[in-house]
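Take a look at the structure below.
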Amino acid sequence: MDQYIGLDVSLKDTAVSIRENRKRIWRGKCPSDPKVLSQIIRKHAPHAKLVVFETGPLSTWFYHALTAEGIPAICIEARHAQKVLSETLNKTDANDADGLAQLAEAGFYKVVRVKTFDNMLTRTLVAARSQLVSISKQLSNQIRGLLKTFGLIVPKGEGRVFDANVRELLNGNSGLAVVILPLLEAWRDIRKRAANLDHQLLAASRQSRATKLLMTIPGVGAVTAVSYIAAIEDPENFPTSRSVGAWLGLTTRRYQSGEIDYDGHISRRGDGRLRGLLYEAATVLLTRTGARTECSLKTWGLKLRERLGFKRAAVAVARKLAVIMHSMLKTGEAFNPLAGATA
């Protein structure tokens with residue numbers, strides 16, 4: 001008989017439930033180690049048909065490690081699973097594992113595509129760079145705010161200009177310098193680390209033909225192009241280019257019940273970081289002036305801004321960019337400024 005296994009994964013332990021012929025035949029708990037889990041599954045479920053666990057911080061590692069051990073593992077959408085698991089009277093790890101096994105047995109689940117380790121490495125590089133840039137901005141703002149308390153206004157400027165301005169204001173004020181200079185040194189060091197990650201990101205973009213192709217779009221830089229490719233992986237993962245916009249949460253939600261029928265805000269599902277990068281690219285396209293940014297997509301977005309406002313227009317252009325970028329990866333053709341609005 002086929003056996004179905006549910007795994008409720010946490011950082012320390014994993015609850016395991018095994019079902020056969022619509023009955024639970026074994027359940028237990030073990031350390032969250034794929035090798036240990038594979039041994040338990042082989043021992044208690046030699047005829048395993050499917051092993052199910054939810055998306056989470058360990059899902060990528062678990063999926064690749066279990067499949068490498070020959071375990072028929074899949075990762076399912078946590079939001080979808082939780083709607084079913086929340087109906088359980090008592091919320092425990094064991095009951096969640098049993099509920100996941102029941103979903104596997106009934107076939108009532110949504111499989112999530114698990115990214116490769118190479119693409120996850122690229123996403124980690126982008127995330128680490130973004131985090132360092134954010135910390136750098138926070139430190140510079142903190143320095144500006146602390147100096148204002150003493151009537152010292154730092155003039156506008158970034159990088160070396162900001163550093164020189166702060167040091168000039170601290171001349172002759174040794175008491176304040178003892179407090180501010182450690183923050184300034186930390187700010188400089190973080191900027192250096194962020195610059196090193198920038199070089200790695202640019203080197204990766206130069207080696208990728210697909211990244212160069214996407215960077216022909218006005219407003220799309222190396223960070224956005226690399227992030228998009230790492231998220232999409234293979235263009236064949238999506239049946240149509242238009243489905244990418246919905247996958248990234250850039251399409252409006254709809255509520256219809258009886259006589260009520262209205263569209264709400266965008267769903268904001270999927271990769272939030274990539275969605276933000278596409279919004280930034282759309283903002284650049286709509287606000288920057290120059291011959292390179294002139295295209296029919298920009299013209300369409302500016303007309304939309306007159307009717308709906310800037311934010312809604314930028315979201316619409318971001319969705320168009322997601323669709324166009326997928327189409328470009330599929331066809332291998334560079335961006336066509338005259339056909340951008342109709343892609």
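All figures in this text were calculated on a predicted structure; none of them were measured in a lab. As a basis for the values below, the full set of heavy atoms in this structure was taken, side chains included, without hydrogen atoms, waters or symmetry mates.
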For [X] and [Y], indicate whether the former's side chain and the latter's backbone hold a donor-acceptor pair under 3.5 Å.
{"X": "Thr88", "Y": "Lys91", "result": "no"}
{"X": "Asn237", "Y": "Asp234", "result": "yes"}
{"X": "Asn165", "Y": "Val161", "result": "yes"}
{"X": "Arg19", "Y": "Tyr4", "result": "no"}
{"X": "Ser136", "Y": "Leu132", "result": "no"}
{"X": "Ser17", "Y": "Ile5", "result": "no"}
{"X": "Lys330", "Y": "Glu236", "result": "no"}
{"X": "Tyr109", "Y": "Ala81", "result": "no"}
{"X": "Gln256", "Y": "Gly258", "result": "yes"}
{"X": "Thr216", "Y": "Leu213", "result": "yes"}

Nearest-0.5 Å distance, [atom1] of residue [X] to [atom2] of residue [Y]:
{"X": "Arg319", "Y": "Thr251", "atom1": "CZ", "atom2": "OG1", "result": "8.0 Å"}
{"X": "Leu248", "Y": "Arg269", "atom1": "CG", "atom2": "CZ", "result": "13.5 Å"}
{"X": "Ile18", "Y": "His44", "atom1": "CD1", "atom2": "NE2", "result": "6.5 Å"}
{"X": "Phe62", "Y": "Phe53", "atom1": "CZ", "atom2": "CZ", "result": "7.5 Å"}
{"X": "Ile143", "Y": "Leu169", "atom1": "CD1", "atom2": "CG", "result": "11.5 Å"}
{"X": "Arg273", "Y": "Arg123", "atom1": "CZ", "atom2": "CZ", "result": "7.0 Å"}

Would you say [X] and [Y] make side-chain contact, with heavy atoms under 4.5 Å?
{"X": "Thr240", "Y": "Val323", "result": "no"}
{"X": "Thr252", "Y": "His265", "result": "no"}
{"X": "Val51", "Y": "Leu37", "result": "no"}
{"X": "Val16", "Y": "Leu7", "result": "yes"}
{"X": "Ser140", "Y": "Val166", "result": "no"}
{"X": "Thr224", "Y": "Glu280", "result": "no"}
{"X": "Thr289", "Y": "Thr293", "result": "no"}
{"X": "Gln142", "Y": "Leu146", "result": "yes"}

Looking at [Y] and [X], is any side-chain nitrogen of the basic one under 4.0 Å from a carboxylate oxygen of the acidic one?
{"X": "Arg24", "Y": "Asp98", "result": "yes"}
{"X": "Glu54", "Y": "Lys110", "result": "no"}
{"X": "Asp163", "Y": "Arg167", "result": "yes"}

Is there a path from [X] to [Y] through hydrophobic residues (I, L, V, M, F, W, Y) whose side chains come within less than 4.5 Å of each other?
{"X": "Leu58", "Y": "Ile41", "value": "yes"}
{"X": "Ile229", "Y": "Leu202", "value": "no"}
{"X": "Ile190", "Y": "Val133", "value": "no"}
{"X": "Ile40", "Y": "Val52", "value": "no"}
{"X": "Phe310", "Y": "Leu277", "value": "no"}

[X] versus [Y], closest heavy-atom pair with distance:
{"X": "Asn95", "Y": "Asn90", "answer": "ND2-O, 2.8 Å"}
{"X": "His326", "Y": "Ser241", "answer": "ND1-OG, 2.8 Å"}
{"X": "Val226", "Y": "Ser205", "answer": "CG2-CB, 4.0 Å"}
{"X": "Arg305", "Y": "Leu286", "answer": "NH1-O, 4.4 Å"}
{"X": "Ala97", "Y": "Ala15", "answer": "CB-O, 3.5 Å"}
{"X": "Gly301", "Y": "Ala313", "answer": "O-CB, 3.7 Å"}

Could you give the side-chain donor-acceptor pairs of residues 66-76 under 3.5 Å, partners two or more places apart or in another chain?
from  : atom 1 : to    : atom 2 : distance (Å)
Thr67 : OG1    : Tyr63 : O      : 2.7
Thr67 : OG1    : His64 : O      : 3.1
Glu69 : OE1    : Arg42 : NH2    : 3.3

| Given the rule in the side-chain contact (heavy atoms from CB on, under 4.5 Å) test, do Asp2 and His47 qualify, once you have shown the distances and angles that lead to the verdict? | CA-CA 6 Å; Asp2 292 334; His47 305 291; 5.5 Å; no

| message | Applying side-chain contact (heavy atoms from CB on, under 4.5 Å) to Ile217 and Cys295, what does each step give before you reach the verdict? | response | CA-CA 10 Å; Ile217 304 175; Cys295 59; over 6 Å; no

More than 12 heavy atoms of other groups within 6.0 Å of [X] [atom1]:
{"X": "Lys137", "atom1": "NZ", "result": "no"}
{"X": "Arg312", "atom1": "CZ", "result": "no"}
{"X": "Phe108", "atom1": "CZ", "result": "no"}
{"X": "Arg288", "atom1": "CZ", "result": "no"}
{"X": "Glu158", "atom1": "CD", "result": "no"}
{"X": "Arg22", "atom1": "CZ", "result": "no"}
{"X": "Glu168", "atom1": "CD", "result": "no"}

| said: If you apply the rule side-chain contact (heavy atoms from CB on, under 4.5 Å), what do you find for Ser32 with Leu11, and how did you get there? | reply: CA-CA 6 Å; Ser32 292; Leu11 292 177; over 6 Å; no

| query | Who passes ring pair (Phe, Tyr, Trp, His ring centres under 6.0 Å) against Phe150, sequence neighbours left out? | reply |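 Testing Phe150 for ring pair (Phe, Tyr, Trp, His ring centres under 6.0 Å), a comparison that skips the adjacent residues, returns none.
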
| field | side-chain contact (heavy atoms from CB on, under 4.5 Å) assessment of Tyr228 paired with Leu321 | value | CA-CA 11 Å; Tyr228 187 89; Leu321 283 174; over 6 Å; no

| query | Among Arg129, Arg191, Arg193, which residue meets the salt bridge (charged side-chain N to carboxylate O under 4.0 Å, His left out) test with Asp198? | reply |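 Among the candidates, only Arg129 passes.
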
| query | Going by atom types alone, do Asn196 and Gln200 pair a side-chain donor with an acceptor below 3.5 Å? | reply |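 Judged by distance alone, the side chains do not pair up.
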
| said: As a test of understanding, state which of Glu105, Lys49, Glu20 forms a side-chain contact (heavy atoms from CB on, under 4.5 Å) with Gln3. | reply: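 For Gln3, the side-chain contact (heavy atoms from CB on, under 4.5 Å) test succeeds with only one of Glu105, Lys49, Glu20, which is Glu20.
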
